[in-house]
Amino acid sequence: MPELPEVETVRLQLLRKVVGKTIAAVNVHHEKTINHDSSFVERLTGTTIDHIDRVGKLMIFSFRDISDFSMLAHLKMTGQFFFVDESDSVSGGGHSLTPALSRILPSKHTRVTFTFTDGTTLYFNDMRLFGYTKLASSAEVEKAKASYGQEPIASDFDLSTFTAGLKRRKRAIKAVLLDQTFIAGLGNIYVDEALWHAGVRPTRLANRVTKAEAERIAHFAGEVMRHSIKVGGTTFQHFADTGGDAGNYTDYLKVFGKQGTPCPRCSTPIIKIRCAGRGTHYCPTCQK
DNA sequence: ACTCTTGTTAAAAC
DNA sequence: GGTTTTAACAAGAG
């Protein structure tokens, strides 16, 4: 489940690996992934990746000397970017315990392959086909950006906007934190984690959350996501970085997937319920 | 064979 | 218009 930290992990790696590279060929293995766009291959071939931006969980690729379109990439639930440089394995850098990506790619789940002029390759894999890499006009990009709320990791995060937003919402705090138009980047894992750190029960109605609690939620949402970015994100089921490696925030999870194990703060067994239509983990004692 | 998994959107209800 | 709920999407694990 890629959330902001996982997407940022991928973006930071791609910045180092593919920015400045020119696309020599594009192979589309599944049309849905590119939004059935018949101009996709033609428009991307020959372009040079200029920058990769991110808003919430959405990546935005821009291209040198091209202002009329960008490529939006969303991993949704099982999307993965893999970068392969054949010359790496030839020179014997084999430090990874996982089988060389170059030997298993493209795979059954490869949906788009980008080959660069230097011989390196970027694969977009997506088992469940919810993710996409699609071209969008600058107007569409602006519209997409505008649809996102502020990010908890933003240096200019505005607490009063956040607390005011909670006040007028009458749903479970968890549902509100999952709403990307209100606050961007959190998903099922980091919502549960942030609420545990803040000591707030996921089922509490947003408009009944106190100002002090709201401040803690915002603070810890930012903290867990910043921490996770530093350690390469969380791998719970499918997430892998561009080298096929797992994220390490899994080692720091307090409640997600921890049902039945003692709460790290008060030793009460963590329980799992359904909230906001999602599997939800919390401590029934120290989350009020 | 059946249930469970989740990010986002469209649509309908309020 | 803003908010809320639900279904739909899709494919695999167990």
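Just so it is clear: chains get the letters A, B, ... in the order the sequence lines come, proteins before strands, and each one is counted from 1. All values below were derived from every heavy atom in this structure, side-chain atoms included, with hydrogens, water molecules and symmetry-related copies excluded.
A sub-4.0 Å separation between OP1 or OP2 of dT5(B) and a side-chain N or O of R274(A) is present. The side chain of K170(A) places no N or O atom within less than 4.0 Å of a non-bridging phosphate oxygen (OP1 or OP2) of dT3(C). At the phosphate of dT5(B), OP1 or OP2 sits under 4.0 Å from a side-chain N or O atom of K272(A). The phosphate of dG2(C) has neither OP1 nor OP2 within less than 4.0 Å of any side-chain N or O from R168(A). Taking 4.0 angstrom as the limit, R278(A) places none of its side-chain polar atoms (N or O) nearer than this to OP1 or OP2 of dT6(B). For dT8(B), the OP1/OP2 oxygens have a side-chain nitrogen or oxygen of Q180(A) closer than 4.0 Å. In terms of phosphate contacts, H74(A) brings no side-chain nitrogen or oxygen within less than 4.0 Å of OP1 or OP2 of dG7(B).
Under a 4.0 Å N-O distance rule, the pair R169(A)/D179(A) qualifies as a salt bridge.
The interatomic distance linking D179(A) (CG) with dT6(C) (C1') rounds to 15 Å, in whole Å. Rounded to whole Å, atom C1' of dT5(B) lies 11 Å from atom NE2 of H281(A). dT4(C) atom P lies 10 Å from atom CZ of F182(A), rounded to whole Å. Distance Y132(A) OH to dC9(C) P: 18 Å, rounded to the nearest Å. Look at NZ on K57(A): it is 9 Å from C1' on dT8(B), rounded to the nearest Å. Separating the CD atom of E3(A) from the C1' atom of dT8(B) is a distance of 13 Å, rounded to the nearest angstrom. For the pair L178(A) CG and dT6(C) C1', the computed distance is 16 Å after rounding to whole Å. One atom, CG of L177(A), and another, P of dT8(B), lie 14 Å apart when rounded to the nearest Å.
Across all strands, H30(A) comes closer than 4.0 Å to no nucleic acid atom at all (heavy-atom distances). In this structure, G279(A) reaches the sugar-phosphate backbone alone: every heavy-atom distance under 4.0 Å involves primed, P, OP1 or OP2 atoms, never a base.
Using modelled atom types, one side-chain atom of R54(A) and one backbone atom of G56(A) make a donor-acceptor pair closer than 3.5 Å.
An aromatic stacking contact links F130(A) with the base of dC9(C), defined here by ring centres under 5.5 Å apart and ring planes under 30° from parallel.
For F256(A), the listed nucleotide lying nearest its side chain is dT6(B); candidates were dT6(B), dC9(C), dT4(C). Comparing dT8(B), dT4(C), dT6(B) by their nearest atom to the side chain of R169(A) picks out dT4(C). Checking dG7(B), dG12(C), dA11(C) against every side-chain atom of K108(A), the shortest atom distance belongs to dG12(C).
Residues W196(A) and P264(A) come closest through the heavy atom pair CZ2-CD, 3.9 Å.
Once rounded to the nearest 0.5 Å, the distance linking CD of E215(A) with OG1 of T210(A) reads 8.5 Å.
Here the options are F124(A), F69(A), F81(A), the test is ring-ring contact (aromatic ring centres under 6.0 Å, His included), and the partner is F61(A); only F81(A) passes.
Residues D126(A) and T78(A) have side chains that bring a donor and an acceptor to within less than 3.5 angstrom of each other.
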